[in-house]
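Heads up, the thing below is written out as C-alpha cells.
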Amino acid sequence: MNRHQFLRRLHRQLRPRTYLETGVADGRSMTLSRVPSIGIDPAFRIDQEIVADVHLARIASDEFFAREDPVAHLPISTVDLAFIDGMHLAEYALRDYLAVERFTHPSSVVVFDDMLPRTVAEAARHRHTAAWTGDVYKAVQALRDHRPDLIVLEVDTFPTGVVVVLRPDASRDGVMAEYDDWMDIALDPDPQDVPEEILTRSRAFKPEALLASDGWRTLRDLRDLPPAEAAAAVGQAFSGLLQPTR
Ligand SMILES: C[S@@+](CC[C@H](N)C(=O)[O-])C[C@H]1O[C@@H](n2cnc3c(N)ncnc32)[C@H](O)[C@@H]1O
C-alpha cells in the first residue's frame with residue numbers, strides 16, 4: 001500500500017471534519033480530502049481536480065503558522081487530520097507538527113510522510129537520490145524522546161513509510177522545551193546515522209492492520225468530549241492493535 005492509498009483509507013475511516021497539509025506539490029494528497037481544507041506550499045503547481053473547499057497558501061509553513069489565525073478558513077478551529085509532507089528536513093517537520101498541534105483535539109490524527117528511509121543515502125540532508133526522505137525521521141524520534149504522552153506509530157507504506165501520531169495536545173501551545181538542545185543533535189552533517197529499526201522497519205505496523213483498528217471510529221466519537229477526557233480514551237481505543245510485524 002502506498003502513502004496515498006493509506007491516506008485515502010484513513011480519510012474514510014476517520015471521516016475528518018477538517019484537513020490540513022504542509023507540502024501540496026501537484027495536489028495528489030489534497031485530492032483525497034472531501035472536507036474544508038488548508039494546503040500550504042510555497043511552490044505548489046496543482047495539476048488535478050481538487051474536490052474539497054480548500055484554502056491554498058503559497059507560502060512556507062513557518063510563515064503560514066505565524067499568522068494571527070492560521071486556520072481561519074476552517075469552519076471549526078480544530079484540524080481533525082493533518083499530513084506533514086513539506087520541507088524534508090527534520091527541524092521543519094518538527095516545527096510543522098508543533099505548529100499544527102496547537103489546532104488539534106486529542107482525537108485528531110497527524111500523519112508524517114517519508115518517515116522510513118530505505119537507505120542512508122535517501123535520508124541525507126543534502127539530496128542526491130531520486131527518492132528522497134531527508135532526515136525527517138528525526139522529528140519523530142524527538143517526539144518519542146520528549147513527548148511520551150503521544151502515541152507514535154510507524155507504518156510500513158511504500159515506498160518510504162509514514163508515521164501516525166495520536167493523542168496530540170494543543171495545550172502545549174506549539175512548544176517543545178528541549179527544541180534548542182535537540183537542534184544541536186538534529187543538524188549533524190551527512191551521512192546520517194539512521195537507526196536500524198527505521199531501515200529495517202522492525203517497529204512498523206502493516207498499514208492494513210492499523211487501518212482495520214476500531215480505534216478510528218472511537219476517535220470520531222471522542223470529538224465532543226473535553227480534551228482531558230478524550231485523551232484518556234484514545235490510548236484505550238488503540239490498545240487492541242496487533243503487534244507490529246514485518
Ligand atoms: C513531497 S512534496 C508534497 C507531496 C504531496 N503532499 C502529495 O503527497 O501529493 C513536498 C512539497 O513541499 C513543499 N515545501 C518545501 N518547503 C516547504 C515549506 N517550508 N513549507 C511548506 N511546503 C514546503 C515543496 O514545494 C513540495 O511541493
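Order of listing sets the numbers, starting from 1, for every ligand and every atom in it.
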Could you label the plane-to-plane angle of the W216 and F238 rings as parallel, tilted or perpendicular, counting under 30° as parallel and over 60° as perpendicular? perpendicular

What atoms of ligand 1 come within less than 4.0 Å of a heavy atom belonging to I40? 21 (C), 22 (N)

Any luck finding a side-chain donor-acceptor pair between T160 and R3 under 3.5 Å? yes

Over 60° means perpendicular and under 30° means parallel, so classify the ring planes of Y97 and F112, tilted if in between. parallel

Quick one: which ligand 1 atoms are inside 4.0 Å of a heavy atom on A43? 25 (O)

What protein heavy atom is closest to atom 22 (N) of ligand 1, reported as residue, atom name and distance in Å? P42 CD, 3.3 Å

heavy-atom search around atom 19 (N) of ligand 1 in the protein gives A60 CB, 3.7 Å

Within the structure provided, determine whether V79 and S108 are in side-chain contact (heavy-atom separation under 4.5 Å). no

Does F83 reach ligand 1, in the sense of a heavy atom lying below 4.0 Å from it? yes

Heavy atoms only: which of D41, D62, D26 lies closest to atom 13 (C) of ligand 1? D41

Of D85, T22, V24, L7, which has the heavy atom at the shortest distance from atom 10 (C) of ligand 1? D85

With heavy atoms of A25 as the reference, note each atom of ligand 1 found under 4.0 Å away. 2 (S), 3 (C), 4 (C), 27 (O)

Would you say H88 and D113 are linked by a side-chain donor-acceptor pair, where the criterion is simply a distance under 3.5 Å? no

Treating E101 as the side-chain partner and G174 as the backbone partner, does any N or O pair qualify as donor plus acceptor under 3.5 Å? no

A student comparing H4, Q48, R3 should find that the heavy atom closest to atom 8 (O) of ligand 1 comes from H4

Taking 4.0 angstrom as the limit and counting only heavy atoms of G23, give me the atoms of ligand 1 inside it, by number and element. 3 (C), 5 (C), 6 (N), 11 (C), 12 (O), 22 (N)

What protein heavy atom sits nearest atom 7 (C) of ligand 1, and how far away is it? S29 OG, 3.0 Å

At a 4.0 Å threshold, what atoms of ligand 1 neighbour a non-hydrogen atom of R28? 9 (O)

Any salt bridge between D190 and R125, counting N to O under 4.0 Å? no

Side-chain (E229) to main-chain (L225) donor-acceptor, under 3.5 angstrom: no

At what distance is the nearest protein heavy atom to atom 15 (C) of ligand 1, and which residue and atom is it? M87 N, 3.8 Å

Any donor-acceptor pair under 3.5 Å linking the side-chain atoms of T31 with those of Q48? no

To which protein heavy atom is atom 20 (N) of ligand 1 closest, and what is the distance rounded to 0.1 Å? S61 N, 3.0 Å

